[in-house]
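The structure under discussion appears below in the form of structure tokens.
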There are 2 protein chains.
Amino acid sequence: MSTTCIHPVKKQHIQALRDTMDVVNGKWKLVILATLLGRKFRFRELSREIGITPRVLAKELQELEMNRLVKRTVCDTRPITVEYEITPHSQTLTNVVDAMVEWGLLHHETVVGKKRVSVPAEAEG
Amino acid sequence: MSTTCIHPVKKQHIQALRDTMDVVNGKWKLVILATLLGRKFRFRELSREIGITPRVLAKELQELEMNRLVKRTVCDTRPITVEYEITPHSQTLTNVVDAMVEWGLLHHETVVGKKRVSVPAEAEG
DNA sequence: CTGTATCCCGTAAGATACTG
DNA sequence: CAGTATCTTACGGGATACAG
């Protein structure tokens with residue numbers, strides 16, 4: 001199998017790639033979105049789930065909301081709670097998330113070591 | 001169409017996602033790989049192509065090489081030149097790159113504005 | 001040409017405490 | 001609980017010059 005020249009990569013595609021990276025930059029946005037793909041979360045709950053400080057989470061969520069990637073809903077409870085969930089538009093990102101998840105698993109086998117593929121099947125909702 | 005709970009997202013998947021992001025972090029690695037998907041490049045050539053300084057490019061390429069994502073070949077020319085190309089393993093990243101390219105184009109329409117989709121079809125190899 | 005060595009800066013992001 | 005205000009630090013990454 002040849003290892004070169006599979007894809008016609010155009011300048012325009014590179015730009016689109018940059019656009020995407022600009023939207024999901026940093027170490028948190030995709031993790032947040034992937035988590036919200038499972039279910040909606042409240043602020044504090046989300047903070048604990050993924051281990052991110054409130055300050056950073058607030059900033060990330062604001063940026064995601066600006067890009068229509070999360071929906072923020074204030075619940076009239078006491079005290080007030082806020083729910084965050086994905087949007088129809090963010091669902092179009094599932095391809096990206098899926099691809100990165102799959103590749104992460106594959107890469108683990110390929111580079112990190114052929115030996116440790118079996119993950120202990122940790123607790124899953 | 002419901003907007004929630006499409007995907008079963010497991011902790012293990014989130015970890016895989018983080019692994020991938022760890023490998024392709026920063027603003028350059030995916031751009032480099034996407035560029036190399038088109039054809040092999042020499043160092044300086046690649047530097048100019050994507051507008052990255054030598055210092056940063058060298059660092060990125062080294063990290064990519066460590067992860068078996070690029071192959072470095074020293075050519076016995078005068079002066080010496082070095083070629084960089086993708087590897088079989090980096091080709092498994094095409095799904096990620098493709099997904100991000102597609103989403104970048106889609107996002108452009110959805111958020112940036114319904115009006116400006118037509119890119120002037122700039123010069124393409 | 002292929003890198004490396006310095007220098008420099010903005011910013012992502014953590015710790016912590018506080019307000020509504 | 002939801003978020004903000006400070007403070008601080010680490011690091012990504014650019015500019016430039018230099019070395020092999």
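Just so we're on the same page: letters track the sequence lines, and every chain starts at 1.
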For a quick check of understanding: with a heavy-atom distance under 4.0 Å over all strands, which category does A:Arg78 fall into, base, sugar-phosphate or nothing?
nothing
Most 5' of A:Glu63 and A:Ile80 on DNA chain C, judged by nearest nucleotide
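It is A:Glu63, whose closest nucleotide lies nearer the 5' terminus.
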Per nearest nucleotide of DNA chain C, the residue lying toward the 5' end, A:Pro79 or B:Val56, is B:Val56
Is there a side-chain polar atom (N or O) of [X] under 4.0 Å from OP1 or OP2 of [N]?
| X | N | value |
| --- | --- | --- |
| B:Gln62 | C:dT4 | yes |
| B:Lys29 | D:dG12 | no |
| B:Arg72 | C:dG3 | yes |

So B:Glu49 and B:Phe41, side-chain contact (heavy atoms from CB on, under 4.5 Å) or not? Walk me through it.
CA-CA 9 Å; B:Glu49 173 75 12; B:Phe41 277 80; 4.0 Å; yes
Cluster overlap B:Leu57 with B:Ile80, hydrophobic side-chain contacts below 4.5 Å
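Yes; tracing contacts between hydrophobic side chains, which count when under 4.5 Å, links both residues.
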Centroid-to-centroid, B:His89 to A:Trp103, below 6.0 Å?
yes
Output for pair (A:Leu64 CG, A:Lys59 NZ), nearest 0.5 Å, gives 10.0 Å
Whether the B:Gln15 and B:Asp19 side chains hold a donor-acceptor pair (N or O, under 3.5 Å, no angle test) is what I'd like checked.
yes
If you check every side-chain atom of [X], which of [options] has the closest atom?
| X | options | answer |
| --- | --- | --- |
| B:Val82 | C:dG3, D:dC1, C:dG14 | C:dG3 |
| B:Pro54 | D:dG12, C:dG3, D:dG14 | C:dG3 |
| B:Tyr84 | D:dG13, D:dG3, C:dG3 | C:dG3 |
| B:Arg44 | D:dA2, D:dG13, C:dT2 | C:dT2 |
| B:Ala58 | C:dT4, D:dA2, D:dG14 | C:dT4 |

Going by modelled atom types, is there a donor-acceptor pair between the base of D:dG13 and the side chain of B:Arg55 at under 3.5 Å?
yes
Atom-to-atom span, CZ of A:Phe43 to P of D:dG3 - whole angstrom:
6 Å
Without decimals, in angstroms, what is the distance between B:Asp76 CG and C:dT2 C1'?
14 Å
